[in-house]
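Atoms within each ligand, like the ligands themselves, are counted from 1 in listed order.
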Amino acid sequence: MLTSSKIYVAGHRGLVGSALLRRLQHGGFGNIVSRTHAELDLTDQRAVETFFQTEQPEYVFLAAAKVGGIHANNTYRADFIYQNLAMQCNIIHAAYRHGVKKLLFLGSSCIYPKHAPQPMKEDYLLSGKLEPTNEPYAIAKIAGIKMCGAYNTQYGCNFMSVMPTNLYGPNDNYDLQTSHVIPALIRKIHQAKQTSNDTVTIWGSGKPRREFLYSDDLADACLFLMTRYTAADVGEFINIGIGQDNSIREIATLIAEVVGYPGRFVYDSSKPDGTPQKLLDISQLDRLGWKATTGFKDGLAKAYKDFQTKL
Ligand code: GFB
């Protein structure tokens, strides 16, 4: 991939896509194309085909997805499976038809079985039952991995799949009903501090463990893989994470420190815990020579700053 290459970032306004855009611009890549949702509906096959026909991108980052936290995944089950399957089908097929040189497909660590041994190695895929709260989303992401693999085998494409762990960073979704845990807790804890409320409610037991990667680190890893490796080098897909996790209770405590909130937490057991632990085995990525650089507390402080700019 050259700095003059034509690169399409699908989903450039989201948490991952916006980080990719920043990273590409920082790396001197100046020929980037993107479209907002209003300009191009990625679930519309004909519109996607016309876009590829007109723009002829050489490289594609497929970061467009219908995403959300545990409650959104569990509530909008049809939207999560339909929209994700449709978007990725349309983009991957159009990338093949228009001779895209390399495509990077972003999945999620929820593709692994609910009770997979920890840390989760790439070859644990499809070795057990999925977590029910996000099964439709996970099935769509598994289909994306398999689709990239099938196009590589049958048509000689170079479509690489990466599985990031849970993410956080600028441009996150702070809506309490649909967001992931970090933006939700940033908002709840900030509001409790502003209103001098001495408790904050945490969904579930606070015991599940999650690994969190800062979105700019993910973008850096994607660029590292895209510029140095082929899909064949990477295998079916590769995990991207930091190799460490924390309980939700510990994460809430860290956020309270960042925000400067002295109150305590109460737990709402009517809300689901989801997967008990999601920690990725990152030895493959480690062998290729990439490591995350943002410390968790620094990343949380940056995310809190981003939230404050949105107030
Ligand atoms: O981030 P989160 O929604 O997604 O929740 P998952 C992680 C954990 O935090 C769960 C708890 O145990 C939640 O019950 N939690 C505590 C909260 N308080 C809150 C809160 O106020 N809001 C939210 N959202 N959670 C998603 C999947 O699973 O992770 C997706 O549904 C995707 O498919 C994504 O894979 C990365 O980690 O449980």
Are [X] and [Y] close enough that their ring centers fall under 6.0 Å?
X	Y	result
Phe61	Tyr8	no
His190	Tyr304	yes
Tyr155	Tyr151	yes
Tyr96	Phe52	no
Phe105	Phe159	no
Phe224	Tyr229	yes

Measure the distance from [atom] to every protein heavy atom, then report the residue, atom name and distance (to 0.1 Å) of the closest one.
atom	answer
atom 12 (O) of ligand 1	Asp273 O, 2.6 Å
atom 31 (O) of ligand 1	Asn73 ND2, 3.0 Å
atom 37 (O) of ligand 1	Arg210 NE, 2.7 Å
atom 34 (C) of ligand 1	His180 NE2, 3.3 Å
atom 15 (N) of ligand 1	Val181 CG2, 3.5 Å
atom 28 (O) of ligand 1	Lys278 NZ, 3.4 Å
atom 20 (C) of ligand 1	Trp203 CD2, 3.6 Å
atom 8 (C) of ligand 1	Ile248 CD1, 3.6 Å

Just checking, is any N or O donor in the side chain of Thr195 or Asn197 under 3.5 Å from an acceptor N or O on the other one?
no

Ligand-residue contact atoms, ligand 1 with [X], heavy atoms, under 4.0 Å:
X	value
Ser108	32 (C), 35 (O)
Ile202	16 (C), 18 (N)
Gly69	3 (O), 31 (O)
Ala184	20 (C), 21 (O), 22 (N)
Pro208	12 (O)
Cys110	33 (O), 35 (O)

What verdict does the side chain to side chain contact (heavy atoms under 4.5 Å, CB included) test give for Leu21 and Ile32, after you've listed the backbone C-alpha separation in whole Å, the side-chain angles of each residue and the deciding distance to 0.1 Å?
CA-CA 8 Å; Leu21 213 57; Ile32 302 169; 3.7 Å; yes

Does [X] approach ligand 1 within less than 4.0 angstrom via side chain, backbone, both or neither, non-hydrogen atoms only?
X	result
Lys271	neither
Ser179	backbone
Lys188	side chain
Ile70	both
Tyr137	side chain

With a 4.5 Å heavy-atom cut-off, do [X] and [Y] have their side chains touching?
X	Y	answer
Ser179	Asp172	no
Ser247	Arg209	yes
Glu131	Cys110	no

Testing Lys302, Arg23, Arg22 for salt bridge (Lys or Arg N to Asp or Glu O under 4.0 Å) with Asp216, which one passes?
Arg22

Is Thr201 in polar range of ligand 1, meaning some N or O pair under 3.5 Å apart?
no

Which option out of Gly206, Gly274, Pro272, Gly68 puts a heavy atom nearest to atom 14 (O) of ligand 1?
Pro272

Run the salt-bridge test on Lys207 and Asp273 with the 4.0 Å N-O cut-off and return the result as yes or no.
no

Answer yes or no for Asn166: is there a heavy-atom contact with ligand 1 below 4.0 Å?
yes

